[in-house]
Amino acid sequence: MPRPAPRTPAALLAIAPVERRRLQSRLLRWYRRCARDLPWRRTRDPYQVWVSEVMLQQTQVRTVEPYFQRFLAAFPTIRRLAAASIDQVLLAWQGLGYYSRARNLHEAATIIGRTRPVRWPTDADAWQALPGVGRYTAAAIASIAFDQPVAALDGNIRRVLARLAAVREPADAPAVQARLWRLAQNLLDPAAPGDFNQALMELGARVCTPRAPACRTCPLRAHCRAARAGLQQAIPVRRPRRAAPQVSALAAAIRHDGRYLLLRRGPRGLLAGLWGLPMVETPGPCDATAAALRRAVRPLTGLRVRSPRALGTVSHVFTHRKLTLTVFECALADRRAALSAPAPEAAWLAPAEFATRPLSELDRKALALLGAEARHALQQRTAPAAAVLA
DNA sequence: AAGACGGGGCA
DNA sequence: TGCCCAGTCTT
């Protein structure tokens with residue numbers, strides 16, 4: 001039985017120096033003519049580039065723009081960020097998702113900000129040593145802010161390169177990714193690494209889009225194997241992913257003297273570090289009952305409650321689960337009972353004070369069921385500065 | 001190698 | 001609905 005010959009990891013895309021220069025030149029010319037005017041492209045300040053790159057992780061440009069502006073207004077320098085409390089940072093991040101990004105950004109700010117004057121990392125390896133900075137972000141910052149000749153590979157560039165080389169295997173498989181990183185480095189224009197990386201991303205976002213790529217207007221169409229073969233719609237191939245399971249939970253809005261108990265979630269896991277109602281997962285939607293709520297509250301808070309009343313349910317979709325949350329309002333049974341929450345922090349807040357804490361979208365939906373006053377307070381994006389943090 | 005980790009935009 | 005987005009970290 002003849003064994004299949006071991007496949008040498010041939011270059012993904014053989015490209016002669018002459019053709020590479022043509023590609024670089026066409027791409028950069030297109031980029032300098034057509035690039036969108038984005039706030040973080042008006043500067044090469046490492047702080048702003050860094051903040052933008054972290055915000056842009058798995059998050060679309062349109063979503064990031066207003067957050068970027070507000071974040072820079074609240075924390076104009078790395079020192080101001082380092083000096084801020086985690087709640088101030090999370091408040092500025094609230095609604096953006098992937099909150100570990102905010103915690104890592106804050107932690108890295110305290111690391112870099114320790115030196116005086118601030119000594120910024122310059123090469124990609126030094127950047128990647130910081131929390132929340134992976135291979136992509138390190139390369140993006142080092143190339144954009146410090147002209148380091150290092151290629152970046154993100155979702156956009158992965159799609160562009162997979163089409164350029166007509167990669168027929170799943171592009172998100174680790175082995176294929178490794179080859180795409182090499183291809184990216186091979187194509188990079190070392191004379192303009194920041195613009196080159198951004199140009200590939202811009203091309204992926206504007207022309208080489210996931211569906212219906214605009215090959216007619218693509219500056220790289222002459223170099224694209226997928227377009228030549230008519231495969232641009234079929235590439236990249238993705239591995240199927242598991243559907244998010246449906247889960248149920250219940251939340252307790254425990255009222256006392258017109259205030260409600262909010263807890264800060266623990267340092268790890270879903271929505272870590274954010275504030276919200278005491279909440280617990282239930283086996284099924286039918287288990288979200290008043291009796292179950294009474295049983296659940298004690299281990300959550302150390303309190304005993306009475307007269308639970310269902311206020312309604314809210315639905316929320318996470319990446320990996322679809323949640324149906326039933327919210328109960330209830331009263332404190334023993335007003336002298338001591339709060340012994342396993343949560344690190346707890347606070348009794350009037351609805352008007354809800355906006356003083358960083359909340360997830362899930363908790364904002366849940367708290368909105370408490371009434372018009374709560375809904376009004378939650379419309380404020382952030383609390384008045386004076387109200388934030390005692 | 002696979003999963004956890006948010007939220008919004010779009011066909 | 002399902003897929004995608006300027007990914008990173010943990011197991």
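Letters A, B, ... are given to chains in the order of the sequence lines, protein chains preceding strands, and every chain is numbered from 1.
Spacing between C/dA6 and B/dA11 at atom P, rounded to whole Å, works out to 15 Å. Going from the C1' atom of B/dC5 to that of C/dC4 covers 16 Å, rounded to whole Å. Annotation: C/dT11 and B/dG6 have their P atoms spaced 15 Å apart (nearest Å). To the nearest whole angstrom, the two C1' atoms, one in C/dT8 and one in B/dG9, are 23 Å apart.
For A/T59 against B/dG6, a side-chain N or O and a base N or O form a donor-acceptor pair under 3.5 Å. In the interface, the side chain of A/T63 is not paired with the base of B/dG7 through any donor and acceptor atom under 3.5 Å apart.
Side-chain proximity of A/Q58 to the nucleotides C/dA6, B/dG3, B/dG6 is greatest for B/dG6. Closest to the side chain of A/R239, out of B/dA2, C/dC4, B/dG7, is B/dA2. Proximity note for A/R36 (side chain, C-beta onward) versus C/dA6, B/dG6, B/dG8: the nearest is C/dA6.
Among the protein residues, A/I157 comes within range of no part of the nucleic acid, since none of its heavy atoms lies under 4.0 Å from any strand. Within 4.0 Å (heavy atoms only), A/S100 reaches no atom of the nucleic acid at all. Here A/R158 lies out of heavy-atom contact (under 4.0 Å) with every strand. Within the 4.0 angstrom heavy-atom criterion, only backbone atoms of the sugar-phosphate kind lie near A/F318; the bases stay farther away.
The CG atom of A/L274 sits 12 Å away from the C1' atom of B/dC5 (whole-angstrom rounding). In this structure, the OH atom of A/Y98 is 11 Å from the P atom of B/dA4, given to the nearest Å. Rounded to whole Å, atom P of C/dT8 lies 11 Å from atom CZ of A/R101.
A/S52 and A/R41 form no side-chain donor-acceptor contact under 3.5 Å, judged by distance and modelled atom types alone.
Each of A/R268 and A/P210 lies near DNA chain C, and the nucleotide nearest A/P210 is the one positioned closer to the 5' end. A residue-by-residue look at A/W40 and A/L130 shows that A/W40 has its nearest nucleotide of DNA chain C further toward the 5' end. Taking the nucleotide of DNA chain B with the nearest heavy atom to each of A/R211 and A/V317, the more 5' of the two is matched to A/V317.
Salt-bridge annotation for A/R179 and A/E169: present, with a side-chain N of the basic residue lying under 4.0 Å from a carboxylate O of the acidic one.
Partner A/M279 forms a side chain to side chain contact (heavy atoms under 4.5 Å, CB included) with one of A/L362, A/L300, A/L271 and no other, that one being A/L362. Across A/L250, A/T326, A/T282, a single residue satisfies side chain to side chain contact (heavy atoms under 4.5 Å, CB included) together with A/D287, and that is A/T282.
Under 4.0 angstrom from either OP1 or OP2 of B/dG7 there lies at least one side-chain N or O belonging to A/H316. Between A/H320 and B/dC5 there is a side-chain N or O to OP1 or OP2 distance below 4.0 Å.
With a 6.0 Å cutoff to the six-membered ring centre and a 45° limit on the axis angle, A/R135 counts as a cation-pi contact of A/W181.
Residue A/R103 qualifies as enclosed at atom CZ: its count of foreign heavy atoms under 6.0 Å is above 12. More than 12 non-hydrogen atoms from other residues, nucleotides or ligands lie less than 6.0 angstrom from CZ of A/R36. Heavy atoms from other residues, nucleotides or ligands lying under 6.0 Å from CZ of A/R80 number 12 at most.
Note: A/W93 and A/Y67 fail the aromatic proximity criterion, with ring centroids not under 6.0 Å apart.
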**OP:** Can you run through DNA chain C from 5' to 3' and write each base as (, ), [, ], | or . depending on how it pairs? Watson-Crick or G-U wobble, both distances under 3.5 Å.
**Re:** |||||.|||||
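The stretch residues 47-57 of chain A touches DNA chain C through A/E53, A/L56, A/Q57, each having a heavy atom within less than 4.0 Å of the strand.
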